[in-house]
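Working notes for the structure below.
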Number of protein chains: 2
Amino acid sequence: MSDEVKRKQVKLRDVAEAAGVAVGTVSRVLNDNPTVNAEVRRKVQAAIDALGYELDIVAQSLRGGSTRMVACAIRDFDIPQFASYIKEAERIFRENGYTLLLSSTTNKPDVEVSLLRAFGRRRVDGIMMTVSDEAHKGVAQALEQAAAPVLLIDRDHVPALDRVMVDHYGGAKSALEYLLGLGHRRVGLLVGDTKAFPSRSRVQGFQDAHSSLSLTPDPGLVRMRVFDTEDAFRETMALMSLPEPPTALLVAAMDTLGGSLRALRALGQEVGRDVSLVAGSDSELAELYSPAVTAIRWDLSEMGRHAATMLLDRMRGQVPLAPRALKLPTTLIIRDSCRPPARKGLH
Amino acid sequence: MSDEVKRKQVKLRDVAEAAGVAVGTVSRVLNDNPTVNAEVRRKVQAAIDALGYELDIVAQSLRGGSTRMVACAIRDFDIPQFASYIKEAERIFRENGYTLLLSSTTNKPDVEVSLLRAFGRRRVDGIMMTVSDEAHKGVAQALEQAAAPVLLIDRDHVPALDRVMVDHYGGAKSALEYLLGLGHRRVGLLVGDTKAFPSRSRVQGFQDAHSSLSLTPDPGLVRMRVFDTEDAFRETMALMSLPEPPTALLVAAMDTLGGSLRALRALGQEVGRDVSLVAGSDSELAELYSPAVTAIRWDLSEMGRHAATMLLDRMRGQVPLAPRALKLPTTLIIRDSCRPPARKGLH
DNA sequence: CCGATTAGATGAACCGGTTCATAGGGGGCC
DNA sequence: GGCCCCCTATGAACCGGTTCATCTAATCGG
């Protein structure tokens with residue numbers, strides 16, 4: 001406090017000089033190398049403390065190889081689902097000495113490819129990401145040739161990579177079984193892009209639930225490429241304005257429930273009474289809306305935790321051989337937004 | 001495609017060798033240094049493309065100084081407000097060639113100090129962050145002595161630093177003026193930690209709105225250290241169970257509206273009719289709840305945009321002298337959750 | 001008392017770029 | 001023809017650590 005603050009960065013050399021030893025010795029002290037005498041260690045430690053030395057991770061990384069950074073790239077991180085996922089993953093990485101590096105893919109394959117290159121240039125130790133189009137050859141190739149281990153988030157198209165997924169198939173199927181069981185025969189489905197695992201699984205679950213009852217869903221009731229609340233608003237309006245509108249909706253696109261609710265409100269359709277509704281992911285909005293909206297739920301923290309742990313294992317080379325795929329279960333939280341459909345012809 | 005893929009990283013030296021020039025020349029080509037002949041440039045570029053050379057940013061950073069990384073540390077990034085803010089800031093940084101590095105402070109001063117040290121060790125070019133306790137000497141000192149420019153997010157305690165804030169004072173004051181204007185005289189306030197700018201401002205706005213009408217608020221109606229929905233639930237229960245409960249609530253803690261709504265529901269209190277309610281930050285839940293909840297709103301994207309731009313300016317040394325402080329305005333979005341209080345003694 | 005062994009410290013090479021002092025070649029000018 | 005200058009390329013130092021071959025000194029066995 002009393003003396004002038006040294007402004008220039010203190011380097012390993014300065015510490016070595018102050019302690020009267022070689023730079024290599026200081027480095028060994030820092031790395032807890034056992035081949036250093038206790039007395040010297042004490043002296044070096046004293047010099048480190050006295051000078052307020054801070055290790056330069058950039059320099060360390062250049063020689064050592066590891067940057068202790070993990071990259072994460074997702075479509076959009078103001079989607080609450082992703083935020084909870086990342087929160088938990090970051091916690092685990094931080095506790096293990098890794099720093100998280102965050103980028104948005106903006107849902108464009110060329111951005112995804114260039115991000116992977118950028119991660120390589122930064123020498124990150126691991127990568128967690130989603131991709132917008134699983135059929136895109138360039139992206140798949142970039143993933144397989146990435147300079148660091150890659151863990152796919154809710155994607156399933158590269159068998160060589162570790163991946164953490166959600167059982168969207170089971171979620172959609174059970175939601176549909178519930179609605180069909182209530183007597184609904186025209187159920188609308190809002191999903192994102194079927195080029196990616198979640199929406200593809202949901203459509204499949206939707207289909208299979210119909211098939212197992214020997215029903216064939218009207219293809220016109222499946223609306224794709226719903227990415228935000230505006231899309232959901234528009235598609236809900238379109239669905240409900242059909243000559244023969246659906247009697248129930250599964251709003252399965254990420255974080256788009258609000259758009260559908262606004263549309264139904266604008267049309268004067270009351271949830272539960274006029275149209276049944278299931279949300280494809282749970283939220284406070286679903287829980288506290290009147291009526292409370294039945295929703296498909298899964299554990300986001302657990303997903304983030306597993307993803308981080310799996311990637312850490314892989315980065316440390318602790319994983320023996322085959323890539324691991326984890327699929328988290330979903331639960332249908334039944335609330336008050338679904339009833340049997342009004343009987344045909346009645347009003 | 002046809003030939004074997006080279007697995008080892010291609011280095012500058014390899015490119016130089018392939019092009020028959022010196023490494024320095026290749027570096028000059030990469031950095032668009034004008035002192036390089038067009039023909040040589042073409043030849044080098046061809047070698048770069050042929051070998052699939054990728055620059056190593058770690059090595060570049062070691063010599064060059066700049067890592068082109070910006071660190072961001074906030075309390076918790078599954079708070080939707082922060083997510084929107086970061087989304088926009090990340091976009092701008094990415095477009096300017098910077099990578100975002102994300103950490104959670106978990107609201108602990110010692111973590112904040114150690115994060116600042118870690119950012120220094122990583123040689124980040126800039127830092128955006130919040131702190132949990134503005135009175136904490138160690139944190140303030142660490143902020144001022146940080147190795148990179150710091151921009152404070154919604155904090156106002158270090159005059160030497162750039163900062164982007166929200167006018168929580170004005171927001172709380174106008175909300176209170178509205179409620180007091182409706183006739184409410186016992187208004188409950190839920191805020192976070194008054195050690196930090198947002199909650200302190202809100203309490204001040206709450207007080208001043210009372211003072212300007214020569215009213216003195218009951219201190220027992222101000223509940224602090226509300227951080228999550230559980231806290232909000234508990235404190236709302238407590239407030240509404242007072243012998244003389246408030247007739248209106250301002251739930252001003254971040255992202256805690258759901259907790260209060262749950263508590264009111266549990267108590268059988270109907271929003272609007274039994275108790276008036278204002279949310280301290282807007283959300284889909286506030287908008288779509290029944291009744292729709294009056295809320296204080298501000299532009300999160302604009303906040304992120306300004307923060308990123310200001311920090312970029314500072315990092316580039318384009319800012320002349322004094323630190324800049326920006327305070328974003330708030331708007332009170334009046335919906336259906338507030339009515340005049342029921343008259344005393346009536347039921 | 002001597003050679004072998006070992007604990008512990010050293011100095012230099014190395015990681016992969018950037019940059020700067022220096023040098024070579026060619027053209028213009030007197 | 002000689003001098004100067006400009007254009008361009010070179011090679012080495014440098015960034016700040018890590019690591020390894022090497023060296024010194026101390027210990028131990030016989």
Side-chain angles (χ1 to χ4, degrees), chain A residues 6 8-45 47-48 51-69 97 117-118 120-125 147, chain B residues 6 8-45 47-48 51-69 97 117-118 120-125 147:
Chain A
K6 258 288 195 53
K8 275 286 111 233
Q9 264 327 314
V10 179
K11 299 178 243 177
L12 205 56
R13 194 195 315 146
D14 304 320
V15 175
E17 202 172 320
V21 297
V23 286
T25 303
V26 181
S27 176
R28 275 157 50 236
V29 170
L30 288 173
N31 294 298
D32 282 326
N33 188 314
T35 73
V36 49
N37 180 288
E39 169 62 15
V40 172
R41 178 179 303 267
R42 201 197 46 71
K43 213 168 54 181
V44 168
Q45 194 57 56
I48 288 173
L51 297 176
Y53 169 75
E54 289 283 356
L55 178 62
D56 184 322
I57 302 188
V58 175
Q60 185 180 48
S61 301
L62 180 56
R63 177 61 211 247
S66 164
T67 54
R68 298 192 82 77
M69 296 198 300
R117 284 184 32 198
R121 284 197 301 263
R122 286 212 179 271
R123 283 208 201 165
V124 300
D125 293 343
Chain B
K6 258 289 200 48
K8 274 287 111 232
Q9 263 329 308
V10 178
K11 300 178 243 178
L12 205 54
R13 194 195 315 145
D14 304 321
V15 175
E17 202 172 320
V21 298
V23 286
T25 303
V26 181
S27 176
R28 274 156 52 235
V29 170
L30 288 172
N31 294 299
D32 282 327
N33 189 315
T35 73
V36 51
N37 181 286
E39 169 61 16
V40 172
R41 178 178 304 263
R42 202 198 44 71
K43 214 168 53 183
V44 169
Q45 193 59 56
I48 288 172
L51 296 177
Y53 170 76
E54 289 283 357
L55 178 63
D56 184 322
I57 303 189
V58 175
Q60 184 181 48
S61 301
L62 180 56
R63 177 63 210 247
S66 165
T67 53
R68 299 191 81 76
M69 296 197 300
R117 285 183 32 198
R121 284 196 302 260
R122 286 212 179 271
R123 284 209 202 164
V124 299
D125 293 343

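Naming: A, B, ... by sequence-line order, numbering from 1 per chain.
- Checking C/dC15, D/dT18, C/dG17 against every side-chain atom of B/Y53, the shortest atom distance belongs to C/dG17.
- Across all strands, B/L55 comes closer than 4.0 Å only to sugar-phosphate atoms, never to a base (heavy-atom distances).
- With B/N31 contributing its side chain and B/N33 its backbone, the two residues share no donor-acceptor pair below 3.5 Å.
- Atom CD of B/Q9 is separated from atom C1' of C/dG16 by 11 Å (rounded to the nearest Å).
- With C/dT18, D/dT18, D/dG11 as the choices, the nucleotide that has an atom nearest any side-chain atom of B/A22 turns out to be D/dG11.
- Counting any heavy atom pair closer than 4.0 Å across all strands shown, B/T25 reaches a base atom.
- Residues A/Q9 and A/D14 share a closest heavy-atom pair of O-OD2, 4.0 Å.
- Which of D/dG17, C/dG17, C/dG16 sits closest to the side chain of A/R123 comes down to C/dG16.
- Considering only side-chain atoms of A/V21, the nucleotide from C/dT10, D/dG17, D/dT8 that sits closest is C/dT10.
- Considering only the side chain of B/L62, D/dG16 comes nearest among D/dG16, C/dT19, D/dT10.
- Residue-level contact check: B/V40 touches the backbone only, with heavy atoms under 4.0 Å from sugar-phosphate atoms and none from bases.
- A straight line from CD of A/E17 to P of D/dG17 spans 14 Å, rounded to a whole angstrom.
- Between C/dA7 and A/N37, no contact under 4.0 Å exists linking OP1 or OP2 to a side-chain N or O.
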